[in-house]
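So the structure is just underneath, and the comments pick up after that.
A, B, ... follow the sequence lines: proteins, then strands. Residue 1 opens every chain.
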Protein chains: 2
Amino acid sequence: MFNRELVKGSTSLLLLQMLGDRDMYGYELVKELEARSGNGFTVKEGTLYPALHKLEKQEYIECYWQEQEKGPARKYYRITDEGRELLKEKTREWQDFVQMMNKMIGRTDHGTAEE
Amino acid sequence: MFNRELVKGSTSLLLLQMLGDRDMYGYELVKELEARSGNGFTVKEGTLYPALHKLEKQEYIECYWQEQEKGPARKYYRITDEGRELLKEKTREWQDFVQMMNKMIGRTDHGTAEE
DNA sequence: TCTATATACCTAATAAACCTAGGTAGGTGA
DNA sequence: TCACCTACCTAGGTTTATTAGGTATATAGA
């Protein structure tokens, strides 16, 4: 759909946001993000797992294993208090960024940009 | 201000946007972006020049030298027709992306998710 | 039994974008 | 002469995401 480049830098925000709602495991996050975005994009496993590990190392999230009656065990992630702080901050940053971008790309009409 | 990470991927959009308004030279773009963003961020020269060269190679912009009465000559960049097409497309992508992100992170206080 | 598929985890190698930290050169003013 | 501003440039390193695999559990079908 749109350029995956744009998403750079927003992955951790997305992950924290998801975990802010409820504890989730990696594979679930991949599927959920794919579903929520309406096929807009997907966060690949090769992106997700390293990102989760980094957030965990920084103590913004923590994990626990949960055995399943059927299928492989799941590694659930839970957001920490520091994580919630970071989430708030990142959300604010995102909103500021959007505002600035809109100021930059929104104010010119060089080519009739109405839908 | 906000995380520079977020800007990654939007640099070429910003450049095309600026050049969509008028021809500009590299150094001018750096200063102008800095001013417009209200100190939000700066595009470094080490980012800008390679980005311009890439856009030129892809024929989205083209350049011409202009001698100055005082000071070093300036290398002006002009957006091409293909560039304008790309700009429209990238602007649309940006708007889609923002829409999706807002859908995902929009409800800033989790727990109350009514529409 | 053997194989394919789905779930669920992971990483090494690569690619892309950016930043750091320089360099070259013209011109002005102390 | 030296410092500073304008104006161009790039090599090397970092970060982030993707590609393209791998391991393991469990089930369904040939």
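Between Phe97(A) and Trp94(B), the gap from one ring centroid to the other is short of 6.0 Å.
The stretch residues 48-58 of chain A touches DNA chain C through Tyr49(A), Pro50(A), His53(A), each having a heavy atom within less than 4.0 Å of the strand.
Residue Thr11(B) has no polar side-chain atom (N or O) positioned under 4.0 Å from OP1 or OP2 of dA17(C). Phosphate proximity of dA17(C) to Thr47(B): absent, as no side-chain N or O sits under 4.0 Å from OP1 or OP2. OP1 or OP2 of dA7(D) lies within a sub-4.0 Å distance of a side-chain N or O belonging to Tyr25(B).
Going from atom OH of Tyr77(A) over to atom C1' of dA8(C) covers 11 Å, rounded to whole Å. Rounded to whole Å, atom C1' of dT7(C) lies 12 Å from atom CD of Glu28(A). As rounded to whole Å, 13 Å separates atom C1' of dC9(C) from atom CD of Glu67(A). Regarding Lys44(A), its NZ atom lies at a distance of 5 Å from the P atom of dT19(D), rounded to whole Å. One interatomic measurement links the two molecules: NZ of Lys75(B) to P of dT24(C), which rounds to 19 Å at whole-angstrom precision. Counting to the nearest Å, the P atom of dA7(D) and the CD atom of Gln66(B) are 11 Å from each other. The distance from atom CD of Glu32(A) to atom P of dT7(C) is 14 Å, rounded to the nearest whole Å. One atom, CH2 of Trp65(B), and another, P of dC8(D), lie 6 Å apart when rounded to the nearest Å.
Under the rule for a side chain to side chain contact (heavy atoms under 4.5 Å, CB included), Glu59(B) has no partner lying at least two apart in sequence or in another chain.
In this structure, Tyr25(A) and Tyr76(A) have perpendicular ring planes: the angle between them is above 60°, well past the 30° mark.
Each of Arg74(A) and Gly46(A) was assigned the nucleotide of DNA chain C with the nearest heavy atom; the assignment lying further toward the 5' end belongs to Arg74(A). In terms of position on DNA chain D, the residue among Gly26(B) and Lys70(A) whose nearest nucleotide sits closer to the 5' end is Gly26(B).
Under a cut-off of 6.0 angstrom, the local environment of CD in Glu62(A) is crowded, with over 12 non-hydrogen atoms contributed by other residues, nucleotides or ligands. Residue Gln68(B) qualifies as enclosed at atom CD: its count of foreign heavy atoms under 6.0 Å is above 12.
Nucleic acid contact for Gly71(A): sugar-phosphate only, since backbone atoms but no base atoms lie under 4.0 Å from a heavy atom of the residue. Counting any heavy atom pair closer than 4.0 Å across all strands shown, Glu45(A) reaches a base atom.
Of the possible polar contacts, none joining the Thr42(A) side chain to the Glu34(A) backbone as a donor-acceptor pair under 3.5 Å is found. When atom types are taken as modelled, the side chain of Thr47(A) and the backbone of Val43(A) share no donor-acceptor pair closer than 3.5 angstrom.
The Tyr27(A) side chain lies nearest to dC9(C) when the options are dC9(C), dT18(D), dT28(C).
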